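Everything below concerns the one structure shown next.
We use all heavy atoms of the structure for the numbers below, so side chains are in, but hydrogens, waters and symmetry mates are not. None of these values were measured; they are calculated from a predicted model.
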Amino acid sequence: MAKIFVEAYGCSASFGDSEMISGLIQNGGHTLVKNSSESDLNIVVTCSVKDSTANKMMYRIKSLKSKPLIVAGCLPKAEQSSVEKFADKASLLGPNSLGKTIQIINSTLDGRKQIALEDSDLSKVGLPKVRLNPAVGIVEIASGCMSECTFCQTKISKGDLSSYRLGDIVRQVQTEIKEGCKEVWLTSTDNGCYGFDIGSDLPSLVNAVVEIPEDFMVRVGMMNPMYMPRIKDKLIDSFDNDKVFKFLHIPVQSGSDKVLHDMKRGHTAGTFRDIVSRAREKFNQFTISTDIIVGFPSETEEDFQKTISLLDETKPDTVNLSRYSARPGTDAAELKQLDAAEAKRRSKIIFEQISKLSIESNRKWIGWKGKVLFDEMTDEGIKGRNFAYKPISVIDQVAIGESHMVEIIDATVKRLVGKIAS
């Protein structure tokens, strides 16, 4: 039996995949180790969403290939030739091929490269796992998506939407809670279209999950605005439960309808405005997170200004900013690219804007007092979340999985600062 090192990069679904790979490894009789220096075989679960991320993945692949190596996740599916260029002897495991994990491991240990990139019919719900965080249960509710975004490799990597059955997901959530998780993440490539292929939807899933009687919190993961018109009223109503974080991650990507059309996003800036407005009307305090891509090939100065205006109008609490990068195999990579210096200039302007918006949003919480669940270990110490999923650090000693009453005494761009309240 081998000693195996697993590391993961990217979105919560990627980390969820790494937990399942680790669970399959243990069930298969192998041993997990915490450092590649101790291993007989290395596994890296990759992400390919941006050029900078892909470059980081290639660096890690090169540094880990001195031992038998399996490259898993999105990158080998989207860019097989690039991976093989840097590690021609590495075995490849696609994001929807986890059922072949042990087979791939055993072949690789025997010195035989194996490639498993095809999609299987294996549901990820119910697979064994080794959690990265004992307080958080990552539950994948679907694989793939229904979108055809011109800038994104995700469809290439994960294929069409395949939703997992509602009852199976609820049972998985029950298992997470039974095994000590205080927080559950419902995650997928795009939560917004969950269930459309099986006659269900996301609000129905959220309503079913919160009926579980135990004490826990639910974070509903990223959803594209495209599908909001179909579910928005039911979705907002499903959040009206104390177990659901008042938090939505809805990536608008641009404030220009022309750019959104060129991106094939399937929504308008107005779609984003509407869901933000409805969430904030329903709930007094509600956290909105979004994503912005600056420098898309067809983005003009006028388009860019529309993005600035949309952010000023909607004032999202968190904005994940990316400078556009052409990803191999995508439609937008074939377009004439924007001048790099101009894209950098626009990125700097937006960065300054979102920093201002974030600190303004966070300062509104100074003086708030309420329950905080401490759910994450960071380089700066243990961090918690309140009902609106605001990140909170405290000056007191606390442990992962604990909940405390906290008073917010300060705020930075990235988090709130509190103290345990008496």
Side-chain angles (χ1 to χ4, degrees), residues 9-11 14 46-63 73-86 147-157 222 224-225 249 251-269 272 289-312 314 316 318-358 413-414:
Y9 297 87
C11 65
S14 183
T46 60
C47 171
S48 65
V49 68
K50 299 187 234 180
D51 263 353
S52 57
T53 308
N55 291 338
K56 184 176 183 179
M57 297 299 93
M58 295 305 182
Y59 173 81
R60 285 303 290 155
I61 288 167
K62 286 192 288 185
S63 66
C74 289
L75 194 61
K77 186 72 179 286
E79 297 185 55
Q80 180 179 347
S81 60
S82 296
V83 173
E84 291 180 324
K85 178 181 177 182
F86 287 97
S147 303
E148 299 285 352
C149 302
T150 60
F151 58 84
C152 183
Q153 281 187 330
T154 301
K155 192 64 170 277
I156 301 171
S157 302
M222 187 277 287
N224 282 311
H249 179 194
V252 66
Q253 304 297 10
S254 174
S256 163
D257 288 347
K258 177 180 74 68
V259 171
L260 292 172
H261 176 270
D262 294 343
M263 289 177 169
K264 290 189 179 179
R265 289 292 287 162
H267 66 84
T268 65
F272 177 74
S289 174
T290 194
D291 300 356
I292 293 293
I293 293 175
V294 171
F296 187 77
S298 65
E299 182 187 73
T300 65
E301 179 63 26
E302 181 182 358
D303 296 322
F304 174 65
Q305 292 300 325
K306 287 180 178 178
T307 298
I308 290 176
S309 297
L310 180 67
L311 294 177
D312 277 337
T314 57
T318 304
V319 180
N320 305 305
L321 175 64
S322 298
R323 198 185 313 167
Y324 171 80
S325 58
R327 304 302 297 129
T330 62
D331 291 344
E334 305 301 318
L335 302 175
K336 182 181 178 182
Q337 304 299 299
L338 192 69
D339 177 70
E342 176 59 19
K344 184 176 181 179
R345 182 190 72 86
R346 293 178 188 178
S347 179
K348 184 174 184 294
I349 291 170
I350 292 279
F351 178 79
E352 292 172 352
Q353 180 191 21
I354 62 180
S355 296
K356 180 182 177 183
L357 290 171
S358 293
V413 170
K414 293 186 177 181

Spell out, as yes or no, whether a donor-acceptor pair under 3.5 Å connects the side chain of S347 to the backbone of K344. no
So, do T46 and P76 sit near enough that their side-chain heavy atoms are less than 4.5 Å apart? yes
Closest approach of N320 and S289, non-hydrogen atoms and distance? ND2-OG, 3.7 Å
Run the salt-bridge test on E301 and R345 with the 4.0 Å N-O cut-off and return the result as yes or no. yes
4.5 Å side-chain heavy-atom contact, S358 and V319: no
Output all residues satisfying side chain to side chain contact (heavy atoms under 4.5 Å, CB included) with C11, sequence neighbours left out; order by chain, then residue number. A13, S14
If you compare all heavy atoms of S254 against all heavy atoms of M263, which two are closest, and at what distance to 0.1 Å? CB-CE, 4.5 Å
Do F272 and Q253 have side chains that get closer than 4.5 Å, going by heavy atoms? no
Check whether any side-chain heavy atom of R323 lies under 4.5 Å from a side-chain heavy atom of I293, and answer yes or no. no
Tell me, do V252 and H267 make a side-chain contact under 4.5 Å, heavy atoms counted? yes
Do L335 and Q337 have side chains that get closer than 4.5 Å, going by heavy atoms? yes
With the side chain counted from C-beta on, respond yes when E299 and D262 share a heavy-atom pair under 4.5 Å apart, and no when they do not. no
Applying ring pair (Phe, Tyr, Trp, His ring centres under 6.0 Å), which residue pairs with at least one partner in residues 322-345 are found, sequence neighbours left out? F296-Y324
Between S256 and D303, do the side chains contain a donor N or O and an acceptor N or O under 3.5 Å apart? yes
Can you give me the closest heavy-atom contact between M222 and N224, atom names plus distance? SD-N, 3.9 Å
Would you kindly say whether S309 and D312 are connected by a side-chain donor-acceptor distance under 3.5 Å? no
State, to 0.1 Å, how close V294 and A343 come at their nearest heavy-atom pair, and which atoms those are. CG1-O, 3.9 Å
R346 CZ to L338 CG distance, which is reported to the nearest 0.5 Å: 5.0 Å
Minimum-distance pair of heavy atoms, taken over all atoms of G10 and C47: CA-CB, 3.6 Å
Does atom CZ of F351 have more than 12 heavy-atom neighbours, drawn from other residues, nucleotides or ligands, at distances under 6.0 Å? no
Heavy-atom donor-acceptor pair, E79 side chain to L75 backbone, under 3.5 Å: no
Between E352 and K356 (salt bridge meaning N to carboxylate O under 4.0 Å), is one present in this structure? no
For A269 and G255 the tightest heavy-atom approach is CB-O, 3.7 Å
State plainly whether the residues E302 and K258 are in salt-bridge range, i.e. N to O under 4.0 Å. no
Any sub-3.5 Å donor-acceptor pair from Q353's side-chain atoms to L311's backbone N or O? no
Side chains of K264 and C149 in contact at under 4.5 Å (non-hydrogen atoms): no
